[in-house]
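Down below is the structure, laid out as structure tokens.
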Amino acid sequence: MNNLAKWYSYLGIAVLLFSLSGCSNSISLFSEQAYQQDITLKVESLALMNKADEPFKSHEKEVTELNKNLDEAYEYAKGRPENDITTLQWKIMISPDRHLLGGFLKRWKDKSSLSPFFIKEARDQVSRAFDTIIELESGKMKPGEVK
Amino acid sequence: MIHFNDFLNTLKKNLGELAKEYGSQYKDAIIKDGTDFALQTHVKLDEWLQMVVKGQLTKDDLEYLLEGQKDLMRMETLKNTGLAIAQKDKLQRAMLETVAGSIFKMVP
């Protein structure tokens with residue numbers, strides 16, 4: 001094999017390896033925007049949950065606004081490539097048929113107000129659920145780590 | 001009356017389904033998470049049952065919170081699965097870069 005042929009074969013292997021590296025990335029890269037959004041929504045959600053011992057009607061506007069922001073976070077997660085796990089986490093978090101934030105807000109609306117002990121326990125669950133989303137995002141590969 | 005063993009059996013069933021969904025390589029992590037979670041839930045369940053007796057929590061609220069614990073367990077498991085995949089991605093990329101770097105060093 002002459003030198004030029006050798007050079008092309010080395011180049012071919014290298015290109016193939018880098019292509020494979022790209023294909024094997026099976027979870028999205030870290031997103032600073034998503035991370036900040038997660039933290040902001042956690043703070044806003046827990047603050048609003050604290051008011052659930054008051055009539056829902058007095059806070060309906062805030063709940064509508066929070067739901068809009070939660071939907072945006074879900075859609076943003078859904079739109080990112082290879083982000084199925086985080087998207088599923090958001091789905092569980094906001095679904096009114098589940099028993100985390102979406103379920104809590106529906107229950108508040110249905111019952112008008114909730115008991116302080118129930119709020120405290122449900123709030124702990126939602127807080128921990130947000131942490132799972134935040135911890136997963138911060139554990140993803142940072143764009144700077146991809147050469 | 002809610003029995004902890006019934007709850008545990010439901011959790012185990014869900015864990016088995018989850019392990020199938022994400023591949024056998026994550027099975028051990030999924031089962032460990034589930035076991036840890038079940039133990040934590042046991043402590044919570046005792047506390048909640050006492051609050052039901054004291055009238056500070058309705059039976060309906062208790063059932064809701066138990067469902068919440070199951071959703072939370074699913075969130076924890078998803079997080080750990082995602083972190084395991086992220087670690088695998090990092091290792092794979094570092095390995096490929098090392099191989100590619102070695103090839104380039106051989107090029108005259």
Side-chain angles (χ1 to χ4, degrees), chain A residues 3 6-7 9-11 13-22 24-30 82-86 88-89 92-93 95 98-100 102-104 107 111 114-119 121-122 124-126 128-142 145-147, chain B residues 18 21-23 26 33 37 40-41 44-45 47-48 50-52 54-58 60-108:
Chain A
N3 278 347
K6 267 187 193 170
W7 166 248
S9 61
Y10 289 142
L11 191 65
I13 293 168
V15 168
L16 180 70
L17 284 171
F18 277 112
S19 307
L20 284 174
S21 167
S24 69
N25 192 17
S26 49
I27 196 160
S28 61
L29 296 177
F30 171 79
E82 295 176 316
N83 202 34
D84 296 352
I85 294 181
T86 301
L88 185 53
Q89 284 186 308
I92 296 170
M93 177 69 100
S95 169
R98 292 276 192 166
H99 300 81
L100 291 173
F104 179 91
R107 195 172 176 83
K111 294 191 177 280
L114 303 168
S115 77
F117 183 77
F118 175 78
I119 294 169
E121 295 300 301
D124 283 351
Q125 288 179 335
V126 170
R128 282 179 60 196
F130 264 110
D131 288 343
T132 67
I133 298 176
I134 293 166
E135 285 163 17
L136 175 55
E137 194 58 43
S138 63
K140 290 175 183 173
M141 198 159 20
K142 311 288 181 291
E145 291 178 82
V146 183
K147 289 173 190 166
Chain B
L18 211 59
E21 205 175 314
Y22 288 99
Y26 306 115
D33 293 343
F37 185 85
Q40 286 170 24
T41 300
K44 272 282 171 199
L45 184 61
E47 188 190 347
W48 292 339
Q50 282 175 28
M51 296 309 274
V52 171
K54 286 181 190 170
Q56 289 190 33
L57 195 67
T58 65
D60 190 39
D61 286 343
L62 173 64
E63 281 170 5
Y64 178 95
L65 290 172
L66 277 173
E67 290 299 324
Q69 283 295 101
K70 282 199 257 176
D71 282 343
L72 186 56
M73 186 206 69
R74 200 169 168 84
M75 297 286 275
E76 289 278 357
T77 308
L78 285 168
K79 177 195 82 179
N80 289 326
T81 307
L83 288 176
I85 295 170
Q87 277 303 107
K88 183 208 74 185
D89 285 349
K90 284 179 191 175
L91 179 68
Q92 222 164 28
R93 192 170 283 271
M95 216 166 66
L96 288 167
E97 280 168 6
T98 306
V99 172
S102 305
I103 290 171
F104 279 121
K105 274 184 191 163
M106 284 166 57
V107 176

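Within every chain, numbering begins at 1; the chains are lettered A, B, ... in the order of the sequence lines, protein sequences first and strands thereafter.
With a 4.5 Å cut-off on non-hydrogen atoms, B:Leu65 touches chain A through its backbone and its side chain both. If you measure heavy-atom distances from A:Ile133 to chain B, the contacts under 4.5 Å come from the side chain alone.
When the salt bridge (Lys or Arg N to Asp or Glu O under 4.0 Å) test is applied to A:Arg98, the partners found at least two apart in sequence or on another chain are B:Asp71. B:Lys79 meets the salt bridge (Lys or Arg N to Asp or Glu O under 4.0 Å) test with A:Glu135, B:Glu76; sequence neighbours excluded.
Taking every heavy atom of both residues into account, B:Ala86 and A:Gly139 meet most closely at CB-O, 3.7 Å. Between B:Gly68 and A:Leu100, the closest heavy-atom pair is O-CD2, 4.0 Å. When all heavy atoms of B:Tyr64 and A:Phe104 are compared, the closest pair comes out as OH-N, 2.9 Å.
In this structure, A:Glu82 and B:Ile85 have side chains that are not in contact, with every pair of non-hydrogen atoms separated by 4.5 Å or more. Residues A:Phe117 and B:Glu47 are in side-chain contact: their nearest non-hydrogen atoms beyond the backbone lie under 4.5 Å apart. Within the 4.5 Å cutoff, no side-chain heavy atoms of A:Leu136 are placed close to those of B:Met75.
To the nearest 0.5 Å, the span separating NZ on A:Lys142 from NZ on B:Lys90 amounts to 5.5 Å. Of the inter-residue distances, the one linking A:Ile85 atom CD1 with B:Thr81 atom OG1 reads 6.0 Å to the nearest 0.5 angstrom. Here CE of B:Met73 is found 9.5 Å from CD1 of A:Ile92. Values are rounded to the nearest 0.5 Å. Expressed to the nearest 0.5 Å, how far CG of A:Asp124 lies from CD of B:Gln69 amounts to 9.5 Å. Atoms CE and CD, from A:Met141 and B:Gln92 in turn, are 9.0 Å apart once rounded to the nearest 0.5 Å.
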Please walk me through it: do B:Asp89 and A:Lys140 pass side-chain contact (heavy atoms from CB on, under 4.5 Å)?
CA-CA 9 Å; B:Asp89 285 349; A:Lys140 290 175 183 173; over 6 Å; no
Between B:Asp60 and A:Lys111, does the salt bridge (charged side-chain N to carboxylate O under 4.0 Å, His left out) criterion hold? Intermediate values first, please.
CA-CA 12 Å; B:Asp60 190 39; A:Lys111 294 191 177 280; 3.3 Å; yes
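Considering only heavy-atom pairs separated by less than 4.5 Å from chain B, the leading option among A:Glu137, A:Met93, A:Glu121 is A:Glu121.
For the pair A:Gln125 (side chain) and B:Leu72 (backbone), a donor-acceptor distance under 3.5 Å is absent.
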